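Before any comments, here is the structure.
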Amino acid sequence: LALLETPCDEGKDQMARRYFYELTLAFLRPFLPHLKLLKGPEAFNEESFLASLQPVGPFSQLPRADCQLLYDRFINGINFQ
């Protein structure tokens, strides 16, 4: 049986998509100054990035050490390499 979507469901979907879009932008924004300076993938300096990290949006509410750990895990994960 196919479930019928109501306009309310569509609105909730759009709100969820918008929330995660904005969350993703807030997470990636601190990388912009560092990526503009890159001359190649090997030029990214993780230590410099983490030392100068200025979190944006909801990430700015995290304790600094927790935020640095979050970004460190992302940088060393498969999605960054």
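None of the values given here were measured: they were computed from a predicted structure. Scope of the values below: all heavy atoms of this structure, side chains included, with no hydrogens, waters or symmetry mates.
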Item to check | Separation of Phe49 CZ from Phe31 CZ (nearest 0.5 Å) | outcome: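 Reported to 0.5 Å precision, the distance equals 4.0 Å.
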Checklist entry - Could you state the interatomic distance from CG (Asp72) to CD (Glu47), rounded to the nearest 0.5 Å? => result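 The CD atom of Glu47 is 10.0 Å from CG of Asp72, to the nearest 0.5 Å.
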Checklist entry - Residues in side-chain contact (heavy atoms from CB on, under 4.5 Å) with Ser48, at least two apart? => result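 Result, side-chain contact (heavy atoms from CB on, under 4.5 Å) vs Ser48: His34, Asn45.
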Checklist entry - Do you know the tightest heavy-atom contact between Phe74 and Phe80? => result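 Taking Phe74 first and Phe80 second, the nearest heavy atoms are O-CB, 3.3 Å.
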Checklist entry - Of all heavy-atom pairs between Leu23 and Phe59, which one has the smallest distance, and what is that distance? => result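 Shortest heavy-atom contact: O-CE1, 3.6 Å.
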Next on the checklist: Quick check: is Leu50 connected to Leu28 through a chain of hydrophobic side chains (ILVMFWY, heavy atoms under 4.5 Å apart)?
Outcome noted: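 Same cluster.
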Next on the checklist: With heavy-atom distances below 4.5 Å as the criterion, would you say the side chains of Gln14 and Arg17 are in contact?
Outcome noted: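 Yes. Closest side-chain heavy atoms under 4.5 Å.
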Checklist entry - Are any of the side-chain heavy atoms of Pro55 and Leu62 separated by less than 4.5 Å? => result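 A side-chain contact is absent here, since even the closest heavy-atom pair is not under 4.5 Å.
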Checklist entry - Which pairs, with at least one residue in residues 54-71 and sequence neighbours excluded, count as a side-chain hydrogen bond (donor to acceptor under 3.5 Å, both in side chains)? => result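 side-chain hydrogen bond (donor to acceptor under 3.5 Å, both in side chains) check on residues 54-71 returns no pairs.
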Next on the checklist: Taking transitive links into account, so neighbours of neighbours count too, which hydrophobic residues share a cluster with Tyr21 at under 4.5 Å side-chain distance?
Outcome noted: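 Hydrophobic cluster check, Tyr21: joined to Leu25.
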